[in-house]
Protein chains: 2
Amino acid sequence: MARTSPQMPVRLAQSAFALFSRRGIANVSLDQVASHAGVTKGCVYWHFQSKDELIKAACAHYYRDFHRRMNAEIAPVRDPLKRLERALRRSVRICLLDAENRVFTMDIWSLSLRDTEVRRGWQQFYDSVREFYIGLVRAAVLSGQMEVDNPERAVNLMLEAIEGIKLRAMFEPQICSPAEENEIVKSLLEILGCGKRAAKAARFGFNQQHTGEYRTP
Amino acid sequence: MARTSPQMPVRLAQSAFALFSRRGIANVSLDQVASHAGVTKGCVYWHFQSKDELIKAACAHYYRDFHRRMNAEIAPVRDPLKRLERALRRSVRICLLDAENRVFTMDIWSLSLRDTEVRRGWQQFYDSVREFYIGLVRAAVLSGQMEVDNPERAVNLMLEAIEGIKLRAMFEPQICSPAEENEIVKSLLEILGCGKRAAKAARFGFNQQHTGEYRTP
DNA sequence: ACATTTCCATACTGGCCGGTATGGTTCGCG
DNA sequence: CGCGAACCATACCGGCCAGTATGGAAATGT
């Protein structure tokens with residue numbers, strides 16, 4: 001067997017994800033994915049049965065990569081609250097500030113309408129992210145740095161807010177400009193119960209006449 | 001001139017909307033739209049320049065039809081609070097309980113990512129809906145049936161909740177089953193300030209382990 | 001009555017792209 | 001050293017579909 005590149009499926013999934021995020025899944029052909037990976041379509045069809053398979057592989061790659069980056073982000077830090085804050089900041093950068101990522105997410109949602117597997121994949125990913133954050137919050141609570149009566153509920157509210165911002169950014173991209181990073185992270189921390197005022201204070205105003213801030217004071 | 005059907009553009013837009021909602025815009029050809037309207041593609045290309053034009057016409061038709069149905073719903077009633085409640089119930093039926101409508105909305109959002117005109121169209125629609133509800137709320141406040149310190153903010157929260165539920169329904173369709181209609185309407189009314197407790201009590205738990213209810217008690 | 005415009009049907013084209021068939025190269029293995 | 005399997009490139013097919021070209025019928029103008 002010609003083991004020229006044992007990581008070829010990963011490379012293809014990476015290229016697929018990159019192009020899908022940039023131009024949308026429907027507007028990317030397998031020839032383009034192959035070309036981006038430095039190979040041809042024959043190679044793609046040797047590693048994957050169909051375009052659907054490649055799409056699912058791109059999703060799986062994104063999900064794995066997200067967790068890898070999150071773990072790498074919190075690994076060098078011991079302080080529970082700092083770990084939570086770093087994770088949040090990284091999540092905001094990946095999922096919100098990156099417009100291409102928002103495109104990919106939107107496409108996946110749209111696909112989920114008719115493809116059960118894609119839908120289940122996203123659900124599973126979402127669940128794992130929730131568990132990840134619940135663990136971080138619990139650790140911060142145990143260390144006495146936070147006071148949260150219901151971590152699961154708090155994390156749910158926070159994740160809801162992220163999705164809400166993502167949705168709103170579709171029509172007001174400026175709310176996800178790099179300059180807004182600190183404000184977004186602060187809001188999410190408040191939702192989790194870090195601020196004096198609880199989640200109710202950190203509502204984000206979807207499609208409100210934009211005043212440059214997304215929190216409703 | 002053969003005035004066989006002066007309403008042909010409307011018929012085509014209707015058929016387009018119906019098929020788009022059922023199977024997704026990308027999966028519907030112009031031949032199918034024409035066939036659904038009882039004509040052929042030549043007719044379509046006589047009234048519209050391209051498929052994009054037809055898509056925008058379908059959107060415009062949906063937006064117009066929505067307002068028409070809303071006005072027809074509240075027209076026969078004089079009591080301000082009842083008008084608001086009827087409008088809400090109708091909105092929930094149209095935008096949430098109808099799965100096909102959710103498909104159409106999702107497709108429009110996805111298109112909005114790359115098409116400026118489609119995006120602006122939706123923004124405009126959303127703004128008009130907000131103004132519509134602000135008017136209803138103000139009327140109810142003036143009649144003394146509601147106490148809302150900031151109608152605009154309340155309506156924004158309510159509309160956010162609708163979008164949130166729509167998003168969540170993608171992965172948990174059961175929360176938008178017909179049986180949930182009353183609960184959803186009640187929640188939205190609470191968000192608007194009809195219940196004793198204000199919006200904070202009517203949070204919807206996106207992607208929370210579904211307990212059959214979407215309000216977080 | 002004839003020409004013209006409106007409105008729509010029929011038939012066709014051409015490109016894109018998912019999928020396949022096949023050939024060639026490299027490696028493992030007996 | 002040959003044989004076959006793994007791996008990838010090249011070339012090609014065929015269907016779908018947006019868009020076009022053209023023809024024809026009905027209504028209008030004059």
Side-chain angles (χ1 to χ4, degrees), chain A residues 1-59 61 103-104 107-108 110-111 114-115 117-118, chain B residues 1-59 61 103-104 107-108 110-111 114-115 117-118:
Chain A
M1 43 180 118
R3 298 235 127 275
T4 58
S5 55
Q7 72 283 13
M8 182 57 76
V10 179
R11 276 178 54 194
L12 289 174
Q14 280 176 337
S15 294
F17 173 74
L19 293 181
F20 289 166
S21 302
R22 208 164 298 167
R23 306 206 303 270
I25 296 178
N27 302 321
V28 174
S29 69
L30 293 187
D31 286 297
Q32 293 167 340
V33 173
S35 174
H36 185 273
V39 292
T40 62
K41 196 163 54 177
C43 178
V44 175
Y45 271 94
W46 198 91
H47 289 284
F48 300 96
Q49 286 189 350
S50 64
K51 187 177 183 179
D52 282 337
E53 293 284 327
L54 183 61
I55 293 174
K56 284 159 192 163
C59 290
H61 167 263
V103 172
F104 183 78
D107 261 14
I108 292 304
S110 193
L111 266 187
R114 272 168 290 270
D115 191 312
E117 283 190 52
V118 174
Chain B
M1 47 182 117
R3 297 239 126 274
T4 59
S5 55
Q7 71 284 11
M8 184 55 79
V10 178
R11 275 178 55 194
L12 289 174
Q14 281 176 338
S15 294
F17 173 75
L19 293 182
F20 289 166
S21 302
R22 209 164 299 166
R23 305 206 304 270
I25 296 178
N27 303 322
V28 174
S29 70
L30 293 187
D31 285 298
Q32 293 167 339
V33 172
S35 174
H36 185 272
V39 292
T40 62
K41 194 163 55 177
C43 178
V44 175
Y45 271 95
W46 198 90
H47 289 285
F48 300 96
Q49 286 190 350
S50 64
K51 187 176 183 179
D52 282 338
E53 293 283 327
L54 183 61
I55 293 174
K56 285 158 191 165
C59 290
H61 167 265
V103 172
F104 184 77
D107 261 13
I108 293 304
S110 193
L111 266 187
R114 271 167 291 270
D115 192 312
E117 284 190 51
V118 174

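Each chain gets a letter, A, B and so on, in the order the sequences are listed, and its residues count up from 1.
Spacing between atom CE of A:Met8 and atom C1' of D:dA9 amounts to 12 Å, rounded to whole angstrom units. Per the geometry, CD1 belonging to A:Ile25 stands 12 Å off P belonging to C:dG18, to the nearest Å. If you measure from atom CH2 of A:Trp46 to atom P of C:dA21, you get 17 Å, rounded to the nearest angstrom. Atom P of nucleotide D:dT10 and atom CG of A:Leu30 are separated by 17 Å, given to the nearest angstrom. Straight-line distance from the CZ atom of B:Arg11 to the P atom of C:dC7: 14 Å, rounded to whole Å. To the nearest angstrom, P of C:dG18 lies 10 Å from CG of A:Asp52. Computed from coordinates, the B:Leu12 CG to C:dC8 C1' distance equals 11 Å when rounded to whole Å. Atom CZ in A:Phe48 sits about 16 Å away from atom P in C:dT20, given to the nearest Å.
Of the side-chain N and O atoms in A:His47, none sit less than 4.0 angstrom from OP1 or OP2 of D:dA6.
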Please evaluate residues A:Glu117 and A:Asp52 with respect to the criterion side-chain contact (heavy atoms from CB on, under 4.5 Å), reporting the C-alpha separation (whole Å), side-chain torsions for both, the decisive distance (0.1 Å), and the verdict.
CA-CA 10 Å; A:Glu117 283 190 52; A:Asp52 282 337; over 6 Å; no
Run the numbers on A:Arg114 and B:Val103 for side-chain contact (heavy atoms from CB on, under 4.5 Å), then give the verdict.
CA-CA 9 Å; A:Arg114 272 168 290 270; B:Val103 172; 3.6 Å; yes
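Among the atoms of the strands shown, none is found under 4.0 Å from any heavy atom of A:Val33. Within the nucleic acid shown, A:Thr40 comes within 4.0 Å of at least one base atom, counting heavy atoms only.
Proximity note for A:Ser50 (side chain, C-beta onward) versus C:dG19, C:dC7, D:dA18: the nearest is C:dG19. Nearest nucleotide to the side chain of A:Tyr45, out of C:dC8, D:dA9, C:dG19: C:dG19. If you check D:dA9, D:dC17, C:dC8 against the side chain of B:Ser29, the one that comes closest is D:dC17.
No donor-acceptor pair under 3.5 Å is formed between the side chain of B:Ser35 and the backbone N or O of B:Asp31.
Each of B:Asp31 and A:Val39 was matched to the nucleotide of DNA chain D holding its nearest heavy atom; the match closer to the 5' end belongs to A:Val39. Where A:Gly42 and A:Gln32 each meet DNA chain C at their nearest nucleotide, the meeting point lying more 5' is that of A:Gln32. Projected onto DNA chain C by closest heavy-atom contact, A:Asn27 and A:Gln49 fall at different nucleotides, the more 5' of which corresponds to A:Asn27.
The 12-atom threshold is exceeded at CD of A:Glu53, counting heavy atoms of other residues, nucleotides or ligands nearer than 6.0 Å.
Residue-to-nucleotide contacts include no donor-acceptor pair under 3.5 Å from the side chain of A:Lys51 to the base of C:dG19. On a pure distance criterion of 3.5 Å, a polar donor-acceptor pair joins the side chain of B:Lys41 and the base of D:dA18.
Of the candidates A:Val118, A:Ile25, A:Asn27, A:Asp107 forms a side chain to side chain contact (heavy atoms under 4.5 Å, CB included) with just one, namely A:Ile25.
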